[in-house]
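Remarks on the structure that follows.
In the text below, chain A, chain B and the rest are named by the order of the sequence lines, each starting its count at 1.
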There are 2 protein chains.
Amino acid sequence: MKQDTSGNRPTPTLEMVAALAGVSRATVSRVVNDVPSVDEDIAAKVRQAILAVNYTPNRAARSLASRRPNSVTLIVPESMSKVFADPFFASVVQGVALYLADTDYTLNMVIASEAKPEKTRAFLLGGNVAGALVVSHHAGDRSWTHLSDYIPMVFAGRPLGESASYYVDVDNEAAAAGATRLLISNGRTNIATIAGPQDMPPGIDRISGWRLAMAEAGLDDSLVEYGDFTLASGAKAMRRLLGSGKPIDGLFVANDQMAAGAYTVLQERGLRIPQDVAVVGFDDDSFATSVNPQLTTVHHPIIEMGKKMAEILVDLIEGKDTARVTQIPTSLVIRESA
Amino acid sequence: MKQDTSGNRPTPTLEMVAALAGVSRATVSRVVNDVPSVDEDIAAKVRQAILAVNYTPNRAARSLASRRPNSVTLIVPESMSKVFADPFFASVVQGVALYLADTDYTLNMVIASEAKPEKTRAFLLGGNVAGALVVSHHAGDRSWTHLSDYIPMVFAGRPLGESASYYVDVDNEAAAAGATRLLISNGRTNIATIAGPQDMPPGIDRISGWRLAMAEAGLDDSLVEYGDFTLASGAKAMRRLLGSGKPIDGLFVANDQMAAGAYTVLQERGLRIPQDVAVVGFDDDSFATSVNPQLTTVHHPIIEMGKKMAEILVDLIEGKDTARVTQIPTSLVIRESA
DNA sequence: TTGTAGGCGTTATCAC
DNA sequence: GTGATAACGCCTACAA
């Protein structure tokens, strides 16, 4: 870091800009905040001065004077961050950050220690934060919902059970049904599914979508096995499915990672994808394309989710009323497996 | 959010605590900041009052009055965040957040748009941030180094070429050499490597470590192919390696993901791991354990890296002098592949 | 449309 | 050891 020896000017303040432009601080403040009622000539002069001294508003002073925090917090439950390398997390953050970049809000992150939740609570309720976003996979991490009573909060994903909180999610059920219909329209009739955990909304909704589509088509929906969204569990479930002895020519898997697991056992049994069994996954993550043949799957727009979450939070903060649940559209990515 | 109707108390201030405790604001401030010269009886009374009104210091006011920012920024280059699902990123963030949780600093994140870098620059130099952390894979993203002249900065990973900046990294070369030595001590003599891109420090250092160990043992180091750290590139490199016709009984791969790629072709050729060819990877990420047989690899302590980065940054901010480069130790995780 | 002035919640410098 | 009292940099009635 540069030595603080001699020639260091102080960071420019409103005052300095005002002096240089020959106006009052109030006026400079107005142009900085885009208040319309400023004479354009003066505004121009002020802007010039701002550039000249390289002025940047002091966020702390701003927040203090305006009596409103200018940052929003992203809460990451500790349990989640323990999952080494979570793709979901990184993408949501990215979306959130992208959206906030165009606002005056700053994004800060806390990982919520389950050991001392009061700390996080105090941080959020201390008046230092305008709103909060909660990203987690597990329904148990909904322990923050009650804070919605005091500060705007938006969650990622539908909560388990009823809840009055705001959240954004994809329509897992509809997307799963769509994926299944693809299999059906391809002429498959013995369609199995590898479902996710039934204590997580995505697990529940995705199998429910599969059932929906199967019922529509009058097909048998008894071919189901469960996994926990991991690759290994997908392989095991596939083994059980095959072990039943019943014919299978189509497979809907609740996420791509389990689909990759299913691939391995399908292929070790000599079953060809998609000729013998067509498979479609869910999420469109890195597993979908790293597998061979590449997986046809439901695209889960995580970055968009992040953006939307941020957008809704800002709306909430600024008092606009918005819908409690917002679903963002998915799409089917047709590749080689179905 | 709760309606702002009637019964809403204002957020408690120092003033209110002072009144309740029957002391001056100055005294309350002292106990809040752990200034030693406070009578213990009075301090106790103040603490009680703090609890009573549920007081939380206003960070903006604090920052303003103390003339020092209380947040540090994590910069994520846009190019990096585009990599869908980056495990490295999530873990570094986690480490950073964990460390900062015990300090008075708040962590905020910006994704640096390459379109308008001035924006990020202004944010960092505007005096609103005490220091910054840069996490990226690519050497090109070192465009922030020059800011080190104005504000404390710490980077993740050794920069390409010389640089006067602070960074924390693992000793890639030593670790790679260690991994290779394991192969050698297991009696392998025809050891190939799948190296990473040679324009990235980890790519460079890891192959260099392999060469080191091979030279030590007097082994031939001509069996090398390059990948770009992706699974697919690992598979391709393996194909080329095998295509050379030379015998191979050991393989060091510059990261686990490429190792997973190599697995697929090794196995489709009927080569057994580790019997026919023993393989060791690098990173110890999720690929290492999702592959069969599980991969022996170098454990890359990413979370620790994050913690260390934050620690160094805080030291820098507080004026302590610290070493410019700090390397954190790796370890070899012996599983089934070597 | 512009300027004046008070205040936001803390810290920090003084006296006491 | 404790308490006034100025800042800190900015916003915002209110007045002009």
Side-chain angles (χ1 to χ4, degrees), chain A residues 9-47 49-50 53-71 104 106 122-123 125-130, chain B residues 9-47 49-50 53-71 104 106 122-123 125-130:
Chain A
R9 303 152 292 129
T11 18
T13 69
L14 254 195
E15 177 90 53
M16 302 173 55
V17 176
L20 208 168
V23 301
S24 73
R25 296 177 311 179
T27 299
V28 178
S29 174
R30 292 190 184 101
V31 350
V32 166
N33 294 295
D34 288 314
V35 173
S37 71
V38 182
D39 182 275
E40 185 47 45
D41 288 349
I42 296 195
K45 207 158 36 174
V46 169
R47 275 189 270 271
I50 288 180
V53 304
N54 199 344
Y55 169 75
T56 309
N58 179 307
R59 298 183 60 90
R62 224 209 257 254
S63 166
L64 188 57
S66 64
R67 306 147 207 283
R68 76 183 133 249
N70 46 21
S71 69
D104 273 332
T106 250
F123 179 69
L125 265 33
N128 294 301
V129 161
Chain B
R9 302 153 292 127
T11 20
T13 70
L14 252 194
E15 177 88 52
M16 300 172 56
V17 176
L20 208 168
V23 299
S24 71
R25 295 175 306 175
T27 298
V28 178
S29 175
R30 291 189 185 100
V31 351
V32 166
N33 293 292
D34 287 315
V35 172
S37 72
V38 182
D39 183 274
E40 184 47 46
D41 289 348
I42 296 195
K45 208 159 35 176
V46 169
R47 276 189 268 272
I50 288 180
V53 304
N54 201 345
Y55 168 74
T56 309
N58 179 308
R59 299 183 59 91
R62 226 209 258 252
S63 168
L64 188 58
S66 64
R67 306 148 211 281
R68 77 183 132 248
N70 48 23
S71 69
D104 273 331
T106 249
F123 178 69
L125 264 34
N128 294 301
V129 161

Q. Rounded to the nearest Å, what distance is computed from the CG atom of residue Asn58(A) to the P atom of nucleotide dT10(C)?
A. 16 Å
Q) Are any of the side-chain heavy atoms of Thr56(B) and Phe123(A) separated by less than 4.5 Å? A) no
Q | Proximity to the side chain of Thr13(B) - top-ranked nucleotide from dT10(C), dG3(C), dT2(D) | A | dT10(C)
Q) CZ of Arg67(B) versus P of dA12(C): gap in Å, rounded? A) 8 Å
**Q.** Base dG3(D) paired with Arg30(B) side chain (donor-acceptor, <3.5 Å)
**A.** yes
Q: Indicate, with a heavy-atom threshold strictly under 4.0 Å, whether Leu14(A) touches base, sugar-phosphate, or nothing.
A: sugar-phosphate
Q: Using atom CD of Glu40(B) as one end and atom C1' of dT2(D) as the other, report the distance to the nearest whole Å.
A: 15 Å
(Q) Heavy atoms only, 4.0 Å cut-off, all strands: where does Arg68(A) land among base, sugar-phosphate and nothing? (A) sugar-phosphate
**Q.** d(CE, Met16(B); C1', dG9(C)) in whole Å
**A.** 12 Å
Q.
Rounded to whole Å, please give me the gap between CZ in Arg59(B) and C1' in dC8(D).
A. 17 Å
Q. What does Val32(A) touch in the nucleic acid at a heavy-atom separation under 4.0 angstrom: a base, only the sugar-phosphate, or nothing?
A. nothing
**Q.** Closest non-hydrogen atom pair between Val46(A) and Val17(A), with its separation
**A.** O-CG1, 4.1 Å
Q: Measure from the side chain of Ala65(A), starting at C-beta and using heavy atoms only, and say which of dC10(D), dG3(C), dT10(C) lies closest.
A: dC10(D)
Q | Pairwise side-chain contact, Pro69(A) with Asn128(A), heavy-atom cut-off 4.5 Å (strictly under) | A | no
Q.
Check the phosphate of dG3(C) against Thr27(A), side-chain N and O only, distance under 4.0 Å to OP1 or OP2. Yes or no?
A. yes
(Q) Please give me the minimum heavy-atom distance between Pro57(A) and Arg62(A), naming the atom from each residue. (A) CG-NH2, 3.1 Å
(Q) Please compare Ala26(B) and Ser66(B) by the position of their nearest nucleotide in DNA chain D and report the one closer to 5'. (A) Ala26(B)
Q: For Glu15(B) and dT5(D), give me the distance from atom CD to atom C1', rounded to whole Å.
A: 13 Å
**Q.** Nearest-Å distance for atom pair CZ/C1', residues Arg62(A) and dT10(C)
**A.** 20 Å
Q. If you check every side-chain atom of Arg25(B), which of dT10(C), dC10(D), dG3(D) has the closest atom?
A. dT10(C)
Q) Just how far, in rounded Å, is C1' of dG9(D) from CG of Leu64(B)? A) 5 Å
(Q) Please evaluate residues Val23(A) and Val28(A) with respect to the criterion side-chain contact (heavy atoms from CB on, under 4.5 Å), reporting the C-alpha separation (whole Å), side-chain torsions for both, the decisive distance (0.1 Å), and the verdict. (A) CA-CA 7 Å; Val23(A) 301; Val28(A) 178; 3.7 Å; yes
